[in-house]
Q: 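I have a structure I would like to understand better, so I am pasting it below and will then ask my questions one at a time.
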Amino acid sequence: MSLPPFLRDMDASIYESDNYVVLDWETDTSHGDHGSAIHPANGILLGSWKLGKGHSSYLGYTTSQFGSEFDFDELLRHIEEADFLIAHNAKYELMWLKRCGLDLHKTLVYDTKIAEYVLFGNLAAGDKNMAGASTSLDMCCRRRYWDIKDPVVDTMIKHGINPISIPRPWIQGRCEQDVRDTERLYLDQLARLQSSDRLGLVFTRCLLTSALSSMEFSGMFLDADRVQAEYLDYKAQYLELTKKMDALTGGINWRSSLQRAEFMYDVLKFKELTYRGGKPQRTESGKRKTDKNTLEKLKASTPEQKEYVSLKAKLGAVGDALSKNLEFFVGTVDEHKGLFHAEFNQTVTATHRLSSSGIRTQFEAFDKPKRVQFQNLPRVFKRLFTSRNEGWQICETDGSQLEFRVAAHLGRDDQARMDILDPDFDAHLTSAAAMEDKDYTELLQRYRNGDKWVKTLRQKAKSETFKPLYGGEYGTKKQMRWYKAFAERYDSLTAAQKGWVQEVLATRRLITEWGLRFYWPYAKVSNTGYVNVKRAVANYPVQSLATAEIIPIAVFYFWHRVMDEGLQDKIILVNSIHDSLICEVHPDAIEDYRRISKQAFTTDVYEYLEAVYGVKFDFVPLGVGVTVGSHWSEGEEENYDIFYDGKTLHNGVLAA
DNA sequence: TCAAGATGCGCG
DNA sequence: AAAGCGCGCATCTTGA
């Protein structure tokens with residue numbers, strides 16, 4: 001066994017081969033979720049596919065076949081003989097192919113939706129200034145002035161009509177046109193990607209697609225006993241807190257920001273927070289703010305004010321936990337045996353990191369359907385997750401200080417590198433020392449001696465530590481003292497970010513060292529020197545290299561290595577959250593898990609970045625933290641820093 | 001009455 | 001007028 005050739009070669013030019021298959025499915029959507037393969041009850045209706053000229057079975061026309069997942073052996077053979085598979089939104093096609101029996105580890109896709117997303121850089125996401133550019137197949141074709149779809153069938157599908165109830169010749173015509181459009185789109189994109197040196201980016205994104213397709217089938221598993229206990233506890237708290245809140249407010253709807261504002265500012269007479277000029281800090285539309293952050297900053301003096309602040313903080317957290325998580329969890333445990341799924345979206349974010357969406361689920365116990373995505377689960381609820389297999393462990397690997405290290409690399413910042421390598425460096429104590437105007441060494445000493453005051457200072461400083469990394473420069477005097485100190489301390493990084501801003505002002509775009517292009521068509525500098533996109537420009541390259549390149553590379557290497565070593569029945573990937581990977585692991589495979597984590601998240605990344613992007617990531621080491629426990633987030637973290645040359649530190653100590 | 005917008009809050 | 005970035009979901013408000 002060995003890694004598949006396309007991964008071993010680390011060469012995106014495989015996409016220049018004409019030995020490919022273009023595929024589109026039409027599925028029975030009667031069970032919802034747009035006919036997702038996750039639902040056992042959903043089924044395939046029709047598959048249409050076309051082979052590239054270099055394929056050994058090239059026929060020159062499109063094959064269409066009505067049938068179920070057991071009827072596509074010929075297609076599977078064609079895909080196995082091809083260098084890659086082309087599809088628009090390929091994760092969908094792949095998940096059905098998995099049900100047909102295809103080995104996803106051996107399959108490389110080229111996703112035309114992802115390629116369009118790469119060509120658009122950040123512009124597919126959209127922001128306050130600009131609507132996002134659609135990457136739907138239809139819009140990709142319209143932009144190129146190609147023939148549009150049959151309007152009748154298109155309207156039917158857009159209105160959610162199940163393809164099984166559309167006349168077969170119509171739906172077949174639609175499917176075949178999609179295949180032709182997809183192939184034509186691929187060829188058009190290929191030229192654009194080659195000429196702008198961005199084919200490698202599509203390669204990276206699409207290598208992840210296979211791993212995600214596999215991971216989405218897994219879902220995450222809840223510990224029924226813990227969920228029940230937590231739910232009852234929160235429900236009881238909710239009742240008690242609601243009673244107290246009603247008594248205090250006379251029964252306002254505390255979930256309404258308008259009613260909260262009236263009560264806070266008109267009844268309790270809180271003074272609104274103001275900016276330095278005296279103007280009140282308001283919401284975007286000019287309404288009075290009632291959020292948690294504001295509440296923490298308001299000066300509560302009367303007993304009623306104090307009670308409201310404390311009650312609202314608790315009730316808000318408890319209420320949110322119930323409506324956004326625990327009700328879903330208890331429904332999942334009671335009605336779905338504890339297992340639930342979510343999707344990973346590859347073409348949503350401006351920085352090309354993943355996003356996640358929940359899957360609409362109707363529970364008998366609750367009126368409204370609910371959904372829970374995988375990337376914002378409250379940390380306190382991670383302990384509710386366990387393995388679906390008795391005796392297995394939950395293992396998590398995350399990239400140590402990932403964005404800071406990536407920033408150090410991008411800025412080739414010597415001070416940042418020294419700090420990363422220095423065991424006596426503590427980022428939050430550094431920001432605390434600057435804000436309090438204290439000596440860092442003294443604070444460190446006191447912190448290590450368990451000084452409570454220093455511990456509090458450090459805790460409070462946490463939210464400020466990396467704000468200046470992303471362009472934050474305003475705030476209180478103390479905050480601004482730190483922001484200024486940060487810019488001076490990490491002067492190379494700051495200079496690099498200034499350079500990015502200059503490039504954007506001159507060209508309206510930023511070309512990163514790995515080739516991804518960001519565009520800010522509306523970038524401008526005011527007469528006071530204020531640059532409207534400065535903070536986004538400072539942030540995007542860091543966030544993107546860290547969580548859209550390095551971690552995805554690590555995840556697909558991890559996934560392939562697990563298969564490569566025959567461990568696929570003992571290590572199951574279940575989730576990935578920006579800088580981390582979460583797996584369910586058989587107790588016999590824990591050491592394998594650690595070893596593969598270390599390799600995939602460091603050495604494999606170095607090699608891939610160099611081979612595919614020509615980026616030599618040798619300025620600072622990458623590191624991983626590995627946590628193993630019976631439940632998610634439980635267990636001691638082990639840390640490994642692995643340098644470009646292979647030198648390894650285990651919990652800060654040189655390892656063999 | 002219903003969809004879109006606003007607000008708030010969870011995560012990295 | 002001031003502003004760290006990136007998301008998705010629940011709830012309330014707004015406006016046609």
Side-chain angles (χ1 to χ4, degrees), chain A residues 122 125-128 252-261 273-295 312-313 316-325 327-328 342-345 348-361 366 368-382 398-399 401-404 407 463-475 479 482-483 486 497 518 526 528 530-544 546-548 551 575-580 633:
Chain A
N122 53 321
D127 58 25
K128 281 198 175 98
I252 66 165
N253 180 357
W254 63 270
R255 286 190 192 274
S256 156
S257 47
L258 280 184
Q259 293 182 44
R260 284 203 303 270
L273 295 179
T274 57
Y275 294 115
R276 229 170 310 162
K279 301 233 164 170
Q281 298 183 27
R282 293 280 176 91
T283 68
E284 197 139 342
S285 71
K287 300 216 164 60
R288 295 176 293 186
K289 301 200 73 166
T290 66
D291 63 292
K292 195 173 137 196
N293 216 1
T294 303
L295 214 54
K312 170 61 181 57
V318 171
D320 267 18
L322 279 167
S323 70
K324 298 179 89 161
N325 291 280
E327 289 179 351
F328 185 98
E343 289 183 88
F344 292 98
N345 312 308
V348 168
T349 68
T351 57
H352 287 213
R353 56 160 50 173
L354 295 174
S355 84
S356 170
S357 316
I359 292 169
R360 225 174 107 96
T361 311
F366 303 100
K368 286 184 204 164
K370 296 169 171 293
R371 56 174 99 209
V372 168
Q373 58 125 315
F374 270 8
Q375 296 182 323
N376 68 349
L377 298 159
R379 282 186 288 259
V380 289
F381 294 154
K382 290 186 177 176
D398 58 40
Q401 306 170 307
L402 186 63
E403 291 200 358
F404 187 50
S463 60
E464 301 301 325
T465 304
F466 292 109
K467 204 186 274 188
L469 174 58
Y470 303 127
E473 47 186 344
Y474 301 100
Q479 287 167 333
W482 161 236
Y483 303 158
F486 181 98
Q497 290 175 315
F518 295 116
S526 78
T528 62
Y530 176 78
V531 181
N532 58 344
V533 298
K534 179 179 164 219
R535 293 173 309 284
V537 173
N539 178 279
Y540 281 22
V542 181
Q543 182 179 118
S544 188
T547 63
I551 295 301
N575 195 1
S576 174
I577 315 183
H578 306 312
D579 70 346
S580 70
S633 82

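Chain letters run A, B, ... following the sequence lines, proteins first, then strands; residues in each count from 1. All figures in this text were calculated on a predicted structure; none of them were measured in a lab. What you see below is based on every heavy atom in this structure, not just the backbone, and it leaves out hydrogens, waters and symmetry mates.
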Q: What's the CG-P distance between A:Leu402 and C:dG6, to the nearest Å?
A: 18 Å

Q: From the set B:dC9, B:dC11, C:dC5, return the single nucleotide nearest to any side-chain atom of A:Arg535.
A: C:dC5

Q: Please determine, for the side chain of A:Lys292, which listed nucleotide (C:dG6, B:dT7, B:dG10) has the closest atom?
A: B:dG10

Q: Report the distance from atom CZ of A:Phe374 to atom C1' of B:dG10, rounded to the nearest whole Å.
A: 15 Å

Q: Which one is paired to C:dG4, where only Watson-Crick or G-U wobble pairs with both distances under 3.5 angstrom count?
A: none

Q: Checking A:Lys467 against A:Tyr470: charged group under 6.0 Å from the ring centre and within 45 degrees of the axis?
A: no

Q: I'd like to know if A:Arg353 and A:Glu403 make a salt bridge, using a cut-off of under 4.0 Å between side-chain N and carboxylate O.
A: yes

Q: If we ignore angles and hydrogens, is there a donor and acceptor under 3.5 Å between the side chains of A:Thr547 and A:Asp579?
A: no

Q: So what does A:Lys312 touch, heavy atoms closer than 4.0 Å: a base, only the sugar-phosphate, or nothing?
A: sugar-phosphate

Q: Return the value, rounded to whole Å, for the distance between atom CG of A:Leu295 and atom C1' of B:dC9.
A: 14 Å

Q: Between the base of C:dA3 and the side chain of A:Tyr470, is there any donor-acceptor pair under 3.5 Å?
A: no

Q: Using a 4.0 Å cut-off on protein heavy atoms (strictly under), produce a 5'-to-3' string for nucleotides 7-14 of chain C with B for base contact, S for backbone-only sugar-phosphate contact, and - for none.
A: SBBSSSSS

Q: Which distance, rounded to the nearest 0.5 Å, do you find between the CZ of A:Arg260 and the CG of A:Asn253?
A: 8.5 Å

Q: Which residue lies toward the 5' end of DNA chain C, A:Asp127 or A:Lys279, if each is placed at its nearest nucleotide?
A: A:Lys279

Q: Do A:Thr351 and A:Gln543 have a side chain donor and acceptor closer than 3.5 Å?
A: yes

